[in-house]
Protein chains: 2
Amino acid sequence: MTIVERKERQRAERYELILATARELAEAEGWDAVTTRRLAALIDYSQPVLYSHFKGKAEIMAAVATRGFKELAARLEAETANATGDTDTLRNVCAAYLDFARSRPVVYEAMFVLPTKIKFASEETPPALRAAFAAFVTALGPHRQESVFLAEVLWSALHGMVVLMQSERIPAIGDEDRLNILVRKFGNDDV
Amino acid sequence: MTIVERKERQRAERYELILATARELAEAEGWDAVTTRRLAALIDYSQPVLYSHFKGKAEIMAAVATRGFKELAARLEAETANATGDTDTLRNVCAAYLDFARSRPVVYEAMFVLPTKIKFASEETPPALRAAFAAFVTALGPHRQESVFLAEVLWSALHGMVVLMQSERIPAIGDEDRLNILVRKFGNDDV
DNA sequence: GCAATTAATCTAGCGATGCTAGAATAGGGC
DNA sequence: GCCCTATTCTAGCATCGCTAGATTAATTGC
C-alpha cells in the first residue's frame with residue numbers, strides 16, 4: 001500500500017502546488033492572467049494535468065476561495081475570542097475583515113466578487129464561511145433584534161467599501177474615517 | 001451639407017442601435033453573451049463596424065454604463081427634489097437606488113462592478129455620476145459632520161447589498177428588513 | 001528480469017473569443 | 001458615365017478553456 005500512499009501524497013502535493021501557483025499568479029497579474037496554459041507551464045506540467053485535479057478554471061478559483069474562507073474565519077474568530085467584553089470588539093472584527101481584503105485582494109475577489117459555485121447562506125455553505133459570518137453576529141453583541149439581518153447589512157457595508165475601494169470607485173484615503181463612521185453607526189447604543 | 005448631415009444622423013442612429021442591442025442582449029443572457037460577433041449579427045453589420053464606433057467591447061460597456069449613470073441620477077434626484085423635509089427622504093433615495101439595481105441589473109454591473117475606465121471621485125468623473133452621489137449627500141441631510149465620508153459609507157452599504165444579493169451571497173428575502181435597518185442606522189438622529 | 005497491462009501524461013486540435021489588415025463595394029462629385 | 005473616396009466586409013491572427021487520442025511511464029504477473 002505504500003506505493004499507493006506515495007502516489008496519493010504526490011497528487012496532494014501537486015494539488016497544493018496548483019493552488020499556490022494560481023494564487024501567486026493572480027496576486028502578481030490578476031485573475032485574467034491566470035490562464036490554464038500559463039498555470040500549466042508554471043508547474044511544469046501540461047494543461048490536461050490541471051483537469052485531472054479540477055473540473056476547470058472555475059473550480060481552481062473556488063478552491064483558492066475556500067482556503068480564503070478558512071483564513072478569514074480564523075482572523076475574525078481571533079478577534080471575537082479575545083473579546084474582553086469591551087466595546088472595541090466590533091471595531092476589531094471590522095478592521096480584521098478590511099485587513100484581510102487588503103492583504104489578499106485577489107483571494108477576496110474569488111471569494112466574494114467573481115461568479116462562484118460556492119453556495120452562500122444555505123445548507124451547503126462551507127463551515128468556514130458560516131464561522132466568518134457568525135463572527136459578525138457575535139461582534140454585534142447579544143440580545144439584538146434581527147441580528148442576522150443586522151450582520152448582513154454590516155457585512156454589506158464592509159464588502160461595499162472593499163470592492164469600491166479596490167476598483168477605485170471611492171478614494172483610498174478616508175479608509176479610517178469610513179471605518180469610524182461604520183462602527184459608530186452599528187455600535188451597541190441602539191437607536 | 002445635407003448629405004453629410006444625413007450620414008452623421010445615420011451614424012448616430014447606428015451608435016444608439018449598438019448600445020441598445022448590447023444592453024438588451026446583456027439583459028437577456030448576461031455580459032458574457034455579448035460577444036462582438038453576436039452583437040454585429042444582431043445589428044446586421046459585420047464585426048469591424050463596431051470598431052468604427054468604439055475602441056472595443058470595454059468601451060461599448062462603458063457607454064452603456066454612462067447612460068445608466070444618467071438614469072440613476074435622474075431617479076435619485078427625483079427623490080431629493082420632492083423632499084418635503086420629512087424624514088423619509090433618506091429612505092426614498094435608498095429605495096430608489098435599490099430599485100434601479102433591481103430593474104437594470106446588467107447596467108448596474110457595468111456601472112459599478114465590472115472593470116471600467118470611467119473615473120470615479122476625480123475631476124474627470126461624469127456629471128451624472130457626481131449628481132447621483134450628491135443626491136446621497138443631500139438625502140443624509142445638511143449640517144452633518146464628514147458628510148462625504150458618511151455618504152460613501154451609505155453608498156458602500158447599498159452597493160454591498162446589491163452585489164451580494166445579485167450574486168446570491170445573501171438571500172433575496174430580507175430585502176425590506178435590511179433597508180429598514182440601514183435607514184434606521186443612518187437616520188439623522190445622530191449617535 | 002522481462003513482458004504485458006495499467007495508469008499517467010502529453011501532443012495536437014476544436015470551437016470560441018477580441019480585434020484588425022487588406023480586399024471589395026458602395027456612394028458622391030465632376 | 002467615370003473616377004475617387006469613404007464605407008463595409010472577408011478572412012485571418014493570437015489567445016482562450018477544454019478534450020480526444022496517442023504516447024510514455026510505471027506497476028504487476030510470471
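Letters go in sequence order (proteins before strands), and every chain restarts at 1. These values consider heavy atoms only, across backbone and side chains, with no hydrogens, waters or symmetry-generated copies.
Nucleotide C/dC19 holds its P atom 10 Å from the CD atom of B/Glu59, rounded to whole Å. Distance A/Leu50 CG to D/dC18 P: 10 Å, rounded to the nearest Å. Between the P atom of D/dT19 and the CZ atom of A/Phe54 lies a distance of 15 Å, rounded to the nearest Å. Distance, A/His53 NE2 to C/dA8 P: 10 Å, rounded to whole Å. Rounded to an integer number of Å, the gap from CD of A/Gln10 to P of C/dT9 is 9 Å. Rounded to whole Å, atom C1' of C/dC19 lies 14 Å from atom CG of B/Leu39. Nucleotide D/dT19 holds its P atom 7 Å from the OH atom of A/Tyr51, rounded to whole Å.
Annotation: salt bridge (Lys or Arg N to Asp or Glu O under 4.0 Å) contacts involving residues 149-161 of chain A, sequence neighbours excluded, comprise A/Glu152-B/Arg178. Counting only residues at least two apart or on different chains, the salt bridge (Lys or Arg N to Asp or Glu O under 4.0 Å) pairs with a member in residues 162-176 of chain A are A/Arg102-A/Asp175.
In this structure, A/Phe133 and A/Trp155 have perpendicular ring planes: the angle between them is above 60°, well past the 30° mark.
Residues passing the side-chain contact (heavy atoms from CB on, under 4.5 Å) test with B/Tyr51, sequence neighbours excluded: B/Thr36. Considering only residues two or more places apart in sequence or on other chains, A/Ala40 meets the side-chain contact (heavy atoms from CB on, under 4.5 Å) condition with A/Gln47, A/Leu50. Qualifying salt bridge (Lys or Arg N to Asp or Glu O under 4.0 Å) partners for A/Glu13, counting only residues two or more places apart in sequence or in other chains: A/Arg9. Looking at residues two or more places apart in sequence or on another chain, you find a salt bridge (Lys or Arg N to Asp or Glu O under 4.0 Å) between B/Glu27 and B/Arg23, B/Arg104. B/Phe54 pairs by the ring-ring contact (aromatic ring centres under 6.0 Å, His included) definition with B/Tyr15, not counting sequence neighbours. For B/Arg75, the salt bridge (Lys or Arg N to Asp or Glu O under 4.0 Å) test picks out B/Glu71, with sequence neighbours left out. Taking the salt bridge (Lys or Arg N to Asp or Glu O under 4.0 Å) definition, one finds that A/Glu29 meets it with A/Arg38, sequence neighbours left out.
Outside the 6.0 Å centre-distance limit, the rings of B/Phe136 and B/Phe186 are not counted as a close aromatic pair.
At a non-hydrogen distance threshold of 4.0 Å, nothing from residues 17-26 of chain B comes into contact with DNA chain D. Within residues 61-68 of chain A, no residue has any heavy atom closer than 4.0 Å to DNA chain C.
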Practice prompt. Spell out protein contact along nucleotides 4-16 of chain D as letters: B when the base is contacted, S when just the sugar-phosphate is, - when no protein heavy atom is under 4.0 Å; keep the 5' to 3' order.
Written response: ----SBB-B---B
